[in-house]
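The structure under discussion appears below in the form of structure tokens.
Note on naming: letters A, B, ... go to the chains in the order of the sequence lines (proteins, then strands), and numbering restarts at 1 for each one.
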Amino acid sequence: MRPLFDRPAQEVAPLLLGAVLTRVSEEGTVALRITEVEAYSGEGSDPGSHAHRGRTPRNSVMFGPSGHLYTYFTYGMHVCANVVCLPEGRAAGILLRAGEIVQGEDLARIRRGDAVPKRDLARGPARLAVALGIPLSDGGADLLAPPYSLELDPHPPLAAMSARTGVSGPGGSDAYPWRFFLDGDPTVSPYRASAPRKRAGGAEPPR
DNA sequence: CGCACGATTTGCT
DNA sequence: GCAAATCGTGCGA
């Protein structure tokens with residue numbers, strides 16, 4: 001299964017739909033069925049990718065072996081989880097955006113909050129990381145070895161696709177239709193058009 | 001060394 | 001519907 005991830009993220013992404021990702025911790029086990037992902041190439045001109053401007057300390061994991069976990073911290077409070085693609089030396093990743101909890105719902109609810117509706121437990125990238133209990137320090141972990149396991153769906157469901165949500169700026173969201181999701185699944189996050197990039201102190205109004 | 005901003009979520013209006 | 005929360009990263013000086 002490993003070589004599967006040595007391919008471009010946009011090819012691997014739809015195959016992850018329906019797959020079950022499990023994480024075991026001292027607290028217990030939580031497993032989720034992946035329902036929504038986004039691919040980031042990091043090569044060529046993909047302005048949305050963290051690897052777009054080359055290798056940095058933060059994104060170095062993306063340049064490592066495929067099938068590993070790339071985590072990043074954003075907005076001063078959120079952790080997001082990605083699957084690294086392409087062989088060592090080349091960077092690409094798949095952002096896990098949403099999933100349906102299929103095991104350990106009680107533990108997921110403890111982490112996310114009592115009043116959280118079942119469908120919202122892992123609906124959104126940061127929520128997904130919280131539900132599974134993925135800490136920032138898990139970056140670089142092998143997703144095919146404990147405490148993780150990843151089981152692909154032998155009959156991958158039909159994937160719908162659209163522009164990516166979080167990518168803003170020219171050539172950003174519209175450039176690649178690399179958001180893949182299970183159409184009609186209630187755990188898929190509502191599509192939000194990317195916020196227009198703010199023009200700092202802008203003498204120049206955006207057109 | 002300083003500053004602007006983000007692969008988001010949440011809560012209030 | 002809109003803005004705040006909150007801080008590491010990356011770029012410019």
Side-chain angles (χ1 to χ4, degrees), chain A residues 8-10 12-14 16-17 21 34-63 68-86 91-99 108-109 111-140 143 161-181 187-204 206:
Chain A
Q10 64 273 29
V12 181
L16 286 181
L17 294 178
L21 176 64
I34 298 171
T35 59
E36 180 186 357
V37 296
E38 268 178 19
Y40 291 84
S41 80
E43 298 191 326
S45 52
D46 182 359
S49 173
H50 286 174
H52 175 53
R53 294 174 224 264
R55 188 173 187 152
T56 67
R58 177 175 70 153
N59 65 24
S60 64
V61 167
M62 285 182 77
F63 290 82
H68 285 231
L69 183 69
Y70 166 56
T71 57
Y72 66 88
F73 184 68
T74 190
Y75 288 94
M77 58 186 93
H78 298 306
V79 173
C80 295
N82 307 250
V83 179
V84 173
C85 288
L86 294 180
I94 300 169
L95 173 67
L96 303 177
R97 289 196 56 86
R109 202 174 291 282
R111 289 168 171 161
R112 288 275 297 120
D114 271 341
V116 176
K118 192 188 322 179
R119 76 169 63 168
D120 286 346
L121 286 174
R123 194 191 198 200
R127 294 165 167 181
L128 181 151
V130 171
L132 275 179
I134 301 176
L136 191 60
S137 58
D138 267 17
L143 287 172
M161 55 193 243
S162 76
R164 296 176 294 187
T165 71
V167 183
S168 61
S173 57
D174 298 340
Y176 313 95
W178 285 351
R179 169 176 177 259
F180 301 89
F181 58 99
T187 63
V188 170
S189 66
Y191 178 76
R192 285 193 291 261
S194 56
R197 182 183 278 278
K198 274 196 223 163
R199 269 302 199 177
E204 221 164 303

Short side-chain donor-acceptor distance under 3.5 Å, A:Ser189 and A:Glu36: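 The criterion, which ignores hydrogens and geometry beyond distance, is satisfied for A:Ser189 and A:Glu36.
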Base of B:dA7 paired with side chain of A:Tyr72 (donor-acceptor, under 3.5 Å):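 Check passes, donor-acceptor contact within cut-off.
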Exam field: side chain A:Glu38 to backbone A:Thr165, donor-acceptor pair closer than 3.5 Å: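 Yes; judged by distance alone, with no hydrogens or angles, the pair exists.
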Side-chain donor/acceptor of A:Asn59 to backbone N/O of A:Gly54, under 3.5 Å: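 A pair under 3.5 Å: yes.
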Opposite nucleotide pairing with B:dA7, Watson-Crick or G-U, both atom distances under 3.5 Å: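 Result: none.
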Can you tell me how far [atom2] of [N] sits from [atom1] of [X], to the nearest Å?
X        : N      : atom1 : atom2 : answer
A:Arg123 : B:dT10 : CZ    : P     : 11 Å
A:Phe181 : B:dA7  : CZ    : P     : 21 Å
A:Tyr40  : B:dG6  : OH    : C1'   : 11 Å
A:Tyr75  : C:dA4  : OH    : C1'   : 12 Å
A:Arg112 : B:dT9  : CZ    : P     : 8 Å
A:Glu36  : B:dA7  : CD    : P     : 16 Å
A:Met77  : C:dG8  : CE    : P     : 12 Å
A:His52  : B:dG6  : NE2   : P     : 14 Å

Would you indicate which nucleotide in [options] comes nearest to any side-chain atom of [X]?
X       : options              : answer
A:Arg53 : B:dT8, B:dA7, C:dC11 : C:dC11
A:Phe73 : C:dG10, C:dG8, B:dG6 : C:dG8
A:His78 : B:dA7, B:dT8, C:dG8  : B:dT8

Pair A:Arg109 + A:Asp120: basic N to acidic O under 4.0 Å: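 No, no charged N to carboxylate O under 4.0 Å.
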B:dC5 versus C:dA3 - spacing of their C1' atoms, nearest Å: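 Per the computed distance, 15 Å lies between those C1' atoms.
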When you check the phosphate oxygens OP1 and OP2 of [N], does a side-chain N or O of [X] lie under 4.0 Å from one of them?
X        : N      : answer
A:Arg58  : C:dG10 : yes
A:Thr74  : B:dA7  : no
A:His50  : B:dA7  : yes
A:Arg127 : B:dT10 : yes

Sole residue of A:Tyr70, A:Tyr40, A:Tyr72 in side-chain hydrogen bond (donor to acceptor under 3.5 Å, both in side chains) with A:His50: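 Going through the options one by one, the only one that passes is A:Tyr70.
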